[in-house]
Amino acid sequence: MGQDHSDIERVVATDCGSTTTKAILIEKKDGVFRLIKRGEAPTTVEAPVEDVTKGVLNAVTELEELSGLKILHEEDFIKPKKNEKEGTDIFISTSSAGGGLQMMVAGVVKNMTAESAERAALGAGAIVMDVIATNDLRPVHEKIEKIRHLRPDMILLSGGTDGGTIKHVVELAEIIKAANPKPRLGITYQLPIIYAGNIAARKNIEDTLGSDTALQITDNLRPSMEMENLMPARLKIQDLFLEHVMAHAPGYKNLMAWTDVDIMPTPGAVGLIMRTIAKQREINIVGVDIGGATTDVFSVFGEIFNRTVSANLGMSYSISQVFAETGAENVMRWLPYRPNTKDIRNRIKNKMIRPTTIPQTLEELIMEQALAREALRLAFIQHKSLAVGLKGVQQQRTISDAFSQKISGQTIINMFHLNMLVGSGGVLSHAPRRSQAAMLMIDSFQPTGVTDLTVDSIFMMPQLGVLSQVHEKAATDVFEKDCLIYLGSCVAPEGNLKKGIKPVLEINMTMPDGTQIADTIDYGEIKVYPLGVGESVKAELKPLAGFDLGEGKNKKIEATLHGGIVGIIIDTRGRPFNLSLDDPERINKIVKWYKAIDMYPEIEKIAEMGQR
Amino acid sequence: MGQAYTPGLKVSKYTLIQKERILPIKGKTLVKKGDMVTSKDVVATAQLPGSVIMVKVANKLGVLAGEMEQFLQIKEGDQITTGQIIAEKRSFLGLMKDIVKSPIEGIVESISSITGQCVLRLNPTPIDILAYVSGEVKKVYEDEGVLIETKGAFMQGIFGIGGEVMGDLHVMVKEPSRRANVDDLSEEHIGKIIVVGSHVDYHFIKRAVEVGVKGIITAGIDDADVKALLGYEIGVAITGNEDISLSIVVTEGFGKIDMAHKTFELLQSLDGKYASMNGATQIRAGVIRPEVIVTDIDYKDGEIKESEYFIKIGKSIRIIRNPYFGKIATVIEMPTELHELESGAMVRVVRLELEDGEKVIVPRANVEIIEE
C-alpha cells in the first residue's frame, strides 16, 4: 500500500456484490482513460466453493475472453502490464459480498429496553432475527443455542437506565460470550457487538466481551425510563455494517492479498462518486445503488452528505424481504394486468432461493421491476428518516413519541431543492431500456419540481470510487466519458386533484431545431419531449389548479431542461403520487404511462395476455 | 468460452460427510476419537441446573420461622417429588392438620430457620447431543462436542423448514411427476421421512403432522401454503427453528414442479433406509442448504467423486427459471458474444437441447449443473 500508481496505463477493477462479481478493464489511450470491457460472474459465497476470489477469477476470465488480453496466470494476476496483450498495472476491488444485515438484539426487560433495541435495529435497516431479554422466560441454554444457530451478523446489547442496575445486562453479555457464535463470513471475522445500555456497566461489558468480539460502545438507547434515544445506536449499526459486515465474505482475506489498495466497501466507494458529482457541479443530489442484498441511498444537500444502507432491501437475496415489507398489493399495483397472487408469490420465492438467476421473459422483467420500485421506495423512506442533519447531533424521543412511533428529527431531504437523481445497480444500469430506469426512479423517488435523471451506464460506480483513491484522473476520465448517462430532466408539479381531470401544467419552450412548444398537460399524464444528450432548452413552466413547482401554488417558473437518452419527461400524476391496486382504471392508466415513455415493447399485448 | 462456473445443489450417491456436534453449554463428551457411533447415539451431554423455587413453609403452617424445623419431613439434599409432603403440623389431637406440599420435582437446596423458607431446586435438565449421522468420531472438542466423519448418500435441497429429524425413508410415489395423495397417509408413516413427489400442500402437511410423520421431501411447495403453515411471511430465507412438528426439504422450488430424475432415483434407491434430515436453510453469504443424509459406511464399491462446478458442451444441466423452469437439457453451444433475450437484456447465454429435442437459448445465470 502507499505505492505510487501515477504512471498506470491499465487497470482491472472488480466489485464483488452479494450476487454478481463485476469486472471492468480500463486502459489509457491517447492520454485518456477509457472503459474497454466488462465481465461478470456469479459471486461465489455458497458451499462448496465459499471463496469470493473464485467469482473474481471467473469475472476476470470473462474480461480476458472479451478483450483478448491475458490478465491471469493460473490463479494470479500478471502485474505490472507487460505489453499490449498481457498483464495489468493494478488490480483493485470493492465488496458488498457479505450481503444483508441480520441482527439479534438483547435487553433486560422485554417490553422496555429490548423493545427499544429492536426499534433501533429495525430503524437502521436490519432484520431482527431474535430478541433476547432477561425476562423472556426461556432457559439460558435455549438462548445460547438460538444465537449459535442464527449466526447473527451483529448483536445490539442494551439494558438498564443510566445509573441503574448492572447485574442483568452483564448476565446478558455473559450469555453472548458463552454462545461464542460462529461467524457466517469466515474465520477472519470478529462478531461486532454494540453496547448501548447503562453507562455504569460499560467497564463490566468491556471486561466480558472486549477480547472476543468487535465491541463498540455508544450512548444508552434508554437513558431513563421516560427517554428513548435511538439515533446513536442506529448510526453505529449503519457504520459497523458498512465497515465490518458488508464487505466481508468467505475468502475475503485471499482477496485482500491480491488488491493493490485496501478493498473498499461498495457504499463507501459509491459515496465518494456521489460527493464528487455534487461538488464538481455544485448541485444537490440523491443517488441510489440497488444491489442484490442491500440498497444504498446517498444524498448531498448543501454541504451535508448522508449515506444509508438498507441492509435487507435488494433484488436477489433480499427480494422476498422487499415483498414481505411492502406487501403483495404494493408490488402488484405496478403490473399491467390483474395478477394471480399465488403465482407471483411463487415466482418471488423462487428468486429468493436461486438469487443469481435473471429474468428471461418480458413478463418476468416487468415483475422484477415492480419489486425494484418498492425496494427503492422503502430505501428512500429509510434514508429520509435517518438523513436528519449532521451526524452526532442527537435526536431524542420522549416516551410518548416512542409509543406513537413518530420519526424523530426533521429530514433534510427537500425534493424541490433536488437537482439530480443518480441511479446505479444492476436493475437500473442493466435495464434493457433506459426509459425503464427513468420510470423506476420517478415512481419510487417521486422527484418534485425540476430534476435531472441520470444512471450509471453499466454499473461501475463502485470500481470508479475506489479508483479515484488511486488515480483521480483515470476515475474522472472514465466517469465523464463512459459512466454517467443523462436520461433527461423530469418536471413534476406538487399537488393532487380529488376528482376529475383538468389541466395542471402549461409548458412553453423552444426546442434546439426552432420548434415552438406550447402545451397544456392534464392531470394524470406522463409525456415525453425528445431532446438529445448534451442539449438543453429554457422553458417556462406554469402550474395550474393549485399545483406547485417550488415557487408556490400556480406560480410560473423558468428552468433549463436537459436532454438525455429518454428526453424531457413531464409527470403530472401528482405529488405525492399514489397508485392503488383497487383503482378500477389502474391497468388503463399504467398501460398509457408505460406507452408514453416507451417502457416496454408490445405493452398492450402483455396486458391482454395477463388478463387471460 | 469453453466452460463457465455454475453452482448447483449436491445430489450424490456416495460422498464424504463431516458433521460437528456441539453442546450449547459446557458438559462432557461420551465418546472418544476413533469410536464408531450410530446416528441415535448420544455423543455429548450437559446438565442444565434447574431453577430455584422458594416455599414459605413457616407462613403456610402458621408458625414462627424458628419453630418450622420440627414440622419438616425433609432435610437438605433430599430428592423430592411433586406433591410430596415437605411439612405437616397436626393440632386438636391430630384431628386438624396443615400440610405443605412440594410444587416441584427436584432437591431440597436449603432450609432457613431465620426466614422460615425452604429453597427447592428443580432437577437439572439433561441436554443430549445425538450423533445425527452414523460414522467415526474424528475429533473430540473437550467438554464441548465432537466431529463425526462418515460416507454415504448426500442430497441438498433448495429450501427447507424445521430442524434435524431422523427416520426411515419411505417413497410414496412411483414417478417424480406424481404427487402423493393425502388419503394415502396412514399409521404406516409414523416416524418416517416421506418422499411425496412433485408437490405438497397445506392439507397434506397438516395431516402428516397428525399422523406423526417426521419429515417430508417434496419437489415443490406453494409459498402461500408455507405462509399458512408458519403464520408469517418469510423475508430473508433463514429457517430451521420453526415449530411445526416435522421438517420439510424442498428439492426444486416453489410451485408444482417435477422432481429431478436423478434426485428421485437416488431417493428411490434409498427407500426403507434410515435417514437423517435437516430443513435448516440460510440463503445469504455463507449459505446453508437443507440436507438429507443416508450413511453407508460399509459401501465398498463407491469411489468418491469430486464435484464439478463448470458447465461445458455435452453437460447435463437443469434450467432454474421461467420459461423452461425445471427442465433438463444438454449444453450444445456456449457462445462468447452477448445475446438479446425476450426481456430485451443483452446477456451471455447457453444453447441447450431439451429432453424432447427442442433447442432453446437460456441465460447462463439460469442453469444449474447436475452432477453425474
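Numbered from 1 within each chain, the chains take letters A, B, ... in sequence-line order.
Across every non-hydrogen atom of A324(A) and G235(B), the tightest pair is CB-CA, 4.3 Å. For the pair I234(B) and S320(A), the tightest heavy-atom approach, listed with the atom from each and the gap, is O-OG, 2.6 Å. Shown here for I358(A) and A365(B), the closest heavy-atom pair between the two residues is CG1-CB, 4.2 Å.
Of the atoms belonging to K26(B), not a single heavy atom falls under 4.5 Å from chain A. With a threshold of 4.5 angstrom between heavy atoms, I348(A) does not approach chain B through any atom at all. With a 4.5 Å cut-off on non-hydrogen atoms, Y232(B) does not touch chain A at all. Proximity to chain B is limited to the side chain of K146(A), based on heavy atoms less than 4.5 angstrom apart. Looking at I127(B), only its side chain comes within 4.5 Å of chain A, counting heavy atoms on both sides. Heavy atoms closer than 4.5 Å to chain B are found in the side chain of R347(A), but not in its backbone. Heavy-atom distances place both the backbone and the side chain of I158(B) under 4.5 Å from chain A. Contact of P601(A) with chain B is not made at all, since no heavy-atom distance falls under 4.5 Å. Contact annotation for T361(A): both backbone and side-chain heavy atoms come within less than 4.5 Å of a heavy atom of chain B. When heavy atoms are compared at a cutoff of 4.5 Å, V362(B) approaches chain A by way of both its backbone and its side chain.
Looking at I22(B) and R148(A), their side chains come closer than 4.5 Å, going by heavy atoms from C-beta outward. With contacts defined as side-chain heavy-atom distances shorter than 4.5 Å, the pair Q360(A)/S343(B) does not qualify.
Ranked by heavy-atom pairs under 4.5 Å with chain A, the first of V349(B), D223(B), V226(B), I221(B) is D223(B). Heavy-atom pairs under 4.5 Å with chain B were tallied for I144(A), N350(A), L362(A), I366(A); the largest tally goes to N350(A). Chain A forms the most heavy-atom pairs under 4.5 Å with one residue out of N241(B), I238(B), V250(B), and that residue is N241(B). Most heavy-atom pairs under 4.5 Å with chain B: of the set L365(A), L150(A), V322(A), this distinction falls to L150(A). Chain B forms more heavy-atom pairs under 4.5 Å with one residue of E364(A), R354(A), E145(A), H430(A) than with any other, namely R354(A). With respect to chain A, the highest number of heavy-atom pairs below 4.5 Å among T281(B), I288(B), T125(B), V347(B) belongs to I288(B). Annotation: maximal heavy-atom pairing with chain A below 4.5 Å, among G253(B), A237(B), P363(B), occurs at P363(B). The most heavy-atom pairs under 4.5 Å with chain A, out of V236(B), L341(B), I361(B), come from V236(B).
Residues R321(B) and E368(A) are paired through a salt bridge, judged by an N-O separation under 4.0 Å between the basic side chain and the carboxylate. The pair R348(B)-E40(A) does not meet the salt-bridge criterion, since no charged nitrogen lies less than 4.0 angstrom from a carboxylate oxygen. Under the 4.0 Å criterion applied to side-chain N and carboxylate O atoms, R345(A) and D222(B) are not assigned as salt-bridge partners. Between E233(B) and K349(A) there is a salt bridge, since at least one side-chain N of the basic residue sits less than 4.0 Å from a carboxylate O of the acidic one.
One distance of note links CZ of F254(B) with CG of D343(A); it measures 13.5 Å at 0.5 Å rounding. Within the model, atoms CD1 of I353(A) and CD1 of I320(B) stand 9.0 Å from one another, a figure rounded to the nearest 0.5 Å. Interatomic distance, N322(B) CG to N346(A) CG, rounded to the nearest 0.5 Å: 10.5 Å. Rounding to the nearest 0.5 Å places NZ of K342(A) at 7.0 Å from CG of D225(B).
By the neighbour-count criterion of 12 heavy atoms within 6.0 Å, atom NZ of K19(B) is densely surrounded, having more than that number from other residues, nucleotides or ligands. More than 12 heavy-atom neighbours from other residues, nucleotides or ligands sit within 6.0 angstrom of CD on Q18(B).
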